[in-house]
Amino acid sequence: MATDLDILLATLRDTDRDRYLACLLSPQDKRRPLAALYAFNAELARVRDVVREALPGEIRLQWWRDLLEGSAHGDAGANPVAAALLEEVDRYRLPRQSLVAMIDARIGDLYDDPLSTRNELEGYAGETASALIQLASLVLSADDAARSAEAAGHAGVAQAIAGLLLLMPLHRQRGQLYVPLEILNATGLDRDAFLAGRDPARISAAIEAFAGLGLEHLAKARSAGAVSKAVFPAFLPVALAEPVLRKAMRAGAQIFERNIQPPQWRRQLRMAKAQFLQRF
């Protein structure tokens with residue numbers, strides 16, 4: 001019979017293949033808590049994909065919030081991700097408020113309101129991708145996690161921007177915009193002009209600036225100090241950010257027609273190399 005770890009990994013394989021591989025590259029005794037965290041994150045990230053309107057999405061997110069705050073209706077045991085998450089949160093004494101903040105940050109994904117500034121973007125990334133790295137670090141080694149908190153913060157922003165660049169064609173179809181308005185304004189664009197794609201040169205400049213912001217945070221993460229071997233598996237998915245960021249800078253406005261995601265085998269090889277070299 002399949003164990004709950006098998007179920008978590010199967011769920012993660014279907015919803016977040018890169019973090020699934022990161023779990024397999026992590027110490028065996030940490031795979032269940034990491035898989036629970038990553039599957040939880042994947043559930044939050046895909047809410048917009050599985051609902052047609054914002055209200056059902058907010059209800060889904062509220063269920064997760066109630067679960068973590070101890071006021072959920074129904075049995076969490078019916079949801080293997082939820083049941084495992086609650087167990088691992090208690091076992092590793094993970095800060096529930098960080099998980100609740102991850103949920104709250106995802107409410108914005110249900111709507112099409114643009115981010116105004118870099119600070120808003122960095123805050124969104126900090127409460128999602130950066131928080132996930134730090135929570136995974138706490139699972140791997142609570143003693144070492146604090147020393148890599150700064151690196152986790154910057155690495156998460158770089159990772160989030162890379163992910164948003166990959167999703168930019170889908171977001172454009174939906175009318176969503178994650179490039180901060182201040183970046184668009186600096187290139188002479190507004191939200192409607194960017195989404196309409198009427199000025200490829202300026203759109204390319206905006207995408208280059210957006211990807212450049214990701215590379216800036218990646219450089220800061222790498223210079224924030226060595227990440228201990230114990231918590232390094234939490235940073236493995238970050239190794240996939242740089243190729244995406246650099247491809248986006250070269251693609252510019254063509255990002256809407258060109259797939260900039262490296263093939264799966266290359267991503268697997270890059271993470272395995274990062275694990276071997278202990279460098280993201």
Side-chain angles (χ1 to χ4, degrees), residues 12-23 38-39 41-50 102 105-106 108-112 114-115 118 120-122 124-133 154-180 183-184 191 194-195 197 200 203-219 221 235-271 273-274 280:
L12 196 56
R13 185 176 61 241
D14 293 338
T15 56
D16 190 338
R17 185 63 63 90
D18 294 331
R19 288 192 176 94
Y20 162 74
L21 180 60
C23 277
Y38 293 158
N41 176 71
E43 285 295 313
L44 301 185
R46 74 188 191 98
V47 167
R48 174 76 184 245
D49 299 326
V50 298
M102 288 176 67
R106 291 293 184 178
D109 294 345
L110 302 174
Y111 299 91
D112 299 333
L115 300 169
R118 282 179 43 158
E120 286 186 23
L121 170 69
E122 290 162 350
Y124 169 80
E127 291 180 336
T128 53
S130 300
L132 189 60
I133 296 172
H154 290 297
V157 177
Q159 188 181 20
I161 291 175
L164 292 170
L165 285 163
L166 289 172
L167 291 171
M168 195 170 280
L170 174 63
H171 290 161
R172 183 191 186 193
Q173 291 175 9
R174 291 175 174 171
Q176 284 180 290
L177 177 68
Y178 287 89
V179 181
I183 291 180
L184 296 187
R191 176 184 181 275
F194 182 86
L195 294 176
I203 290 171
S204 293
I207 290 172
E208 183 177 349
F210 189 51
L213 178 61
L215 288 170
E216 177 186 324
H217 278 282
L218 186 60
F235 288 79
L236 279 173
V238 181
L240 305 178
E242 183 172 6
V244 172
L245 295 168
R246 295 202 180 280
K247 279 189 175 185
M249 293 188 78
R250 293 193 297 270
Q254 290 299 309
I255 198 173
F256 296 120
E257 286 80 37
R258 185 186 306 172
N259 182 13
I260 63 169
Q261 173 75 291
Q264 182 68 41
W265 69 267
R266 194 177 293 277
R267 303 203 304 276
Q268 292 175 351
L269 182 62
R270 189 172 181 89
M271 271 201 281
K273 182 179 179 181
F280 59 84

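Just so it is clear, the structure is predicted and the values come from calculations on it, not from any experiment.
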(message) Between Tyr178 and Asp109, is there a side-chain donor-acceptor contact under 3.5 Å, judged purely by atom types and distance?
(response) yes

With rounding to the nearest 0.5 angstrom, report the [atom1] to [atom2] distance, [X] to [Y].
X: Met102; Y: Tyr124; atom1: CE; atom2: OH; value: 10.0 Å
X: Glu216; Y: Leu218; atom1: CD; atom2: CG; value: 11.0 Å
X: Gln268; Y: Leu240; atom1: CD; atom2: CG; value: 10.0 Å
X: Arg46; Y: Asn41; atom1: CZ; atom2: CG; value: 12.0 Å
X: Leu12; Y: Arg19; atom1: CG; atom2: CZ; value: 8.5 Å
X: Asp112; Y: Arg174; atom1: CG; atom2: CZ; value: 9.0 Å

Can you name the closest pair of heavy atoms from [X] and [Y] and give their distance?
X: Pro262; Y: Pro243; value: CG-CB, 4.2 Å
X: Phe210; Y: Ile161; value: O-CG2, 3.5 Å
X: Gly156; Y: Ser130; value: CA-OG, 3.3 Å
X: Ala42; Y: Thr15; value: CB-OG1, 3.5 Å
X: Gly214; Y: Ala158; value: O-CB, 3.4 Å
X: Met249; Y: Ala211; value: CG-CB, 3.4 Å

So do the side chains of [X] and [Y] get within less than 4.5 Å of each other, counting heavy atoms only?
X: Leu269; Y: Arg266; value: no
X: Gln176; Y: Leu167; value: no
X: Val179; Y: Arg191; value: no
X: Pro180; Y: Glu120; value: no
X: Asp16; Y: Tyr38; value: no
X: Leu121; Y: Leu164; value: yes
X: Arg250; Y: Ile260; value: no

(message) Under a 3.5 Å distance rule, please check whether Arg48 uses its side chain to pair with a backbone N or O of Gly108 as donor and acceptor.
(response) no

(message) Evaluate His171 against Leu177 for side-chain contact (heavy atoms from CB on, under 4.5 Å), listing each step before the verdict.
(response) CA-CA 7 Å; His171 290 161; Leu177 177 68; over 6 Å; no

(message) Between Arg267 and Leu21, does the side-chain contact (heavy atoms from CB on, under 4.5 Å) criterion hold? Intermediate values first, please.
(response) CA-CA 10 Å; Arg267 303 203 304 276; Leu21 180 60; over 6 Å; no

(message) Please evaluate residues Phe256 and Leu195 with respect to the criterion side-chain contact (heavy atoms from CB on, under 4.5 Å), reporting the C-alpha separation (whole Å), side-chain torsions for both, the decisive distance (0.1 Å), and the verdict.
(response) CA-CA 10 Å; Phe256 296 120; Leu195 294 176; over 6 Å; no

